[in-house]
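So the structure is just underneath, and the comments pick up after that.
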Amino acid sequence: MVTQSVKFYQVGSRAVGNRLLTEDQRTVQSRADRSNALNSGHRACQGCGEALAARYVLDTAMRATAGQLVAVNATGCLEVFSTPYPESSWQMAWLHSVFANAASVATGVAAALKSQGRSDIRVLAQGGDGGTVDIGLACLSGMFERNDDVLYVCYDNEAYMNTGVQRSGATPPFARTATTEALGATPGNRPGQGKDLPRIAMAHDIPYVATATVADLHDLEAKVERAMDVRGARYLHVLSPCPLGWGSAPADTILIARLAQQSGLFPLFEARHGQVTDVTPIRRRVPVREYLSRQSRYQHLFGESPREDLIAQIQHIADATIARYGLISKDIQP
Amino acid sequence: MVCVDGFVLTHAFEPIDVLTPEQVDAFLPPFAPRQVLDPADPLSIGAMVGPEAYTEVRYLSDLHLRDAGARYPRLAAELQQTTGRALPAWEWYGPADAELVVVAMGSVSGTAKEAVDAVASDGTGSIALLTLTLYRPFPTAELRPILINANRVLVIERACAPGADGPVSADLRSCLADGRSLVTVIAGLGGRAVTTASLARVLRSAERDELDERTFLDLRSELVEAELARRGGRHDSGPHALNVLRAAGIPASRIS
């Protein structure tokens, strides 16, 4: 397949659209024949990053497999808002079991399909950060270690949003949640804790690991396509802002995801067999303050007595992430 | 619901007598799941049910399980016909009008049979063994008439439920007429061997009505007493296991 990289100089203006591209370069989502795997009418909040990400991921995976796809879902927002019985938004074969075992159920589904000689049907497992980095981590690590033929997608909104915004292992430092109140000398989530699951996945040397955000949906689709080109255990981690839990405007979901990437807090990369093979450079770097100040979960860092010391700590984390992945390319002047 | 006897069967017994695929196919209907994950006929499986319907869903689960109990005898007969294996819901061993009925479940049943034989040969009273295979639905209505003559019922309980009867005792109690005594003998915890001699000893005590309603088989009371004395009457959680092992003289417990 011939690919051509297209630069969108309108980034930031929110004016990027498929109409600027030739037909074959447009997103799956812009096509009339998209599968609408996660159909409209579900109960996600306005501006939900997870619903948007899931729609793109599944429609792309459906296209990549010519519709021969089944999905296994962990418990979480995505499951609850899409399938309050007897309603369902899934226009595809979909199975929910419990919170912890999506990866293991997907392993079983893949094994069952293989034993029936149906390896043409592919398996995708998905969950939020709670189901992935905390509750389901043992099952997921087992799936990676056995290199089972499953693409696992984590929609990371950095806390347990469905149950009332409790801290998860993916909650960032100083973020306020219902269980990490903005009180005391170190308000919000304590720094130095939590899990970086893309790196944990890479440590298993699986064929494909990638990160994406809902701010760059072309990139998200491309990564799903590349993941579906590979057999074996694959992991995709998608930053999915949550207006409810993050205290951000529903209309800002895309903007906030973009600021997470441009500040260096959320690196975009691909890795194969444990080695980073590609990173998305930051073209217009922004200070973390621009990202933080738009979310009420960080409002205790600003206001009358701003906590410049804590903002500086978060900036330091962003700087370290930029250095780790080499996100500032030498040919790009900030 | 299929239950497996923990530890003794899962950890300590190796040979498994598995039916041949032909025998299984002859007994079971063809596998035809009601729901499948099929891209050609997509379904959402495992959707969330809330308070609107969950009570009714559970009611139906209970109904179906109870219905399975009614069909069990016919299915057991079919199984025996096809595979030669007898799997009755329960087994009665000994005189129908026995005064003392011993109830056992799972791997301890063989030992219980030997202990019952030993006690019966004393000729001091009449004793029988009731072995349970069907646990859920619990055959309360079926067991009630056959336990009508039993003066005393003794349950060999392979679990300890602190603060309550064991699970089998609680189920059995619902089968007994008012005023009948039920003794729970807790045995085999943590894989401790249940010997015929120990079991026969407690059965003999039960015949003489000398057994506490709640008895731990082969309990080393001196270790319990020592630990209680050492704690000076305080009921903190403490390193009981280590202290008990030290008092029992287990060498590794003295390494600190």
Side-chain angles (χ1 to χ4, degrees), chain A residues 35-39 42-43 58 61-99 101-102 105-106 108-113 115-116 118-125 150 162-163, chain B residues 1-7 9-11 16-68 82-83 135-137 159 167:
Chain A
S35 58
N36 277 331
L38 176 62
N39 204 6
H42 55 69
R43 301 182 180 193
L58 288 161
M62 284 287 270
R63 185 176 173 83
T65 58
Q68 298 298 87
L69 184 75
V70 297
V72 175
N73 216 119
T75 305
C77 264
L78 179 60
E79 172 256 326
V80 170
F81 75 62
S82 64
T83 54
Y85 192 82
E87 299 164 20
S88 175
S89 285
W90 298 103
Q91 303 204 96
M92 66 179 302
W94 180 93
L95 170 72
H96 162 247
S97 178
V98 298
F99 223 137
N101 69 0
V105 171
V109 171
L113 289 168
S115 76
Q116 292 170 11
R118 294 302 308 268
S119 48
D120 56 318
I121 301 177
R122 309 291 298 275
V123 184
L124 186 148
V150 175
N162 173 46
T163 49
Chain B
M1 181 160 59
V2 178
C3 304
V4 177
D5 191 338
F7 188 75
L9 287 189
T10 56
H11 288 58
I16 302 175
D17 188 6
V18 183
L19 295 173
T20 64
E22 292 73 29
Q23 285 176 308
V24 174
D25 287 344
F27 177 67
L28 289 179
F31 180 60
R34 190 172 57 84
Q35 294 181 315
V36 289
L37 279 175
D38 180 4
D41 184 16
L43 281 174
S44 297
I45 306 175
M48 179 191 67
V49 173
E52 307 87 353
Y54 193 62
T55 306
E56 288 70 24
V57 168
R58 295 306 287 167
Y59 174 88
L60 291 166
S61 299
D62 177 67
L63 187 75
H64 293 324
L65 195 56
R66 285 174 190 278
D67 185 41
T82 339
T83 67
Y135 183 52
R136 290 288 181 266

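Chain naming here is simple, since letters A, B, ... match the order of the sequence lines and numbering starts at 1 in each.
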Discussion item. Heavy-atom cut-off 4.5 Å, strictly under: side chain, backbone, both or neither for A/Val109 against chain B?
Written reply: side chain
Worksheet, complete the sentence: In terms of heavy-atom contacts, B/Pro39 and A/Ala93 come closest through N-CB, 4.2 Å
Atom pairs (donor, acceptor) spanning chain B and chain A, under 3.5 Å:
from	atom 1	to	atom 2	distance (Å)
B/Leu43	O	A/Trp94	N	2.9
B/Ser44	OG	A/Ser88	OG	2.4
B/Ile45	N	A/Trp94	O	2.7
B/Ile45	O	A/His96	N	2.8
B/Gly46	O	A/His96	ND1	2.8
B/Met48	N	A/Thr83	O	3.1
B/Met48	O	A/Tyr85	N	2.8

Discussion item. Please output the residues of residues 18-33 of chain B in contact with chain A, using a heavy-atom cutoff of under 4.5 Å, in numerical order.
Written reply: none
Worksheet item: Which atoms of A/Leu95 come close to chain B, meaning under 4.5 Å heavy atom to heavy atom: side chain ones, backbone ones, both, or neither?
Response: both
Practice prompt. Sort B/Leu43 into side chain, backbone, both or neither according to what part of it lies under 4.5 angstrom from a heavy atom of chain A.
Written response: backbone
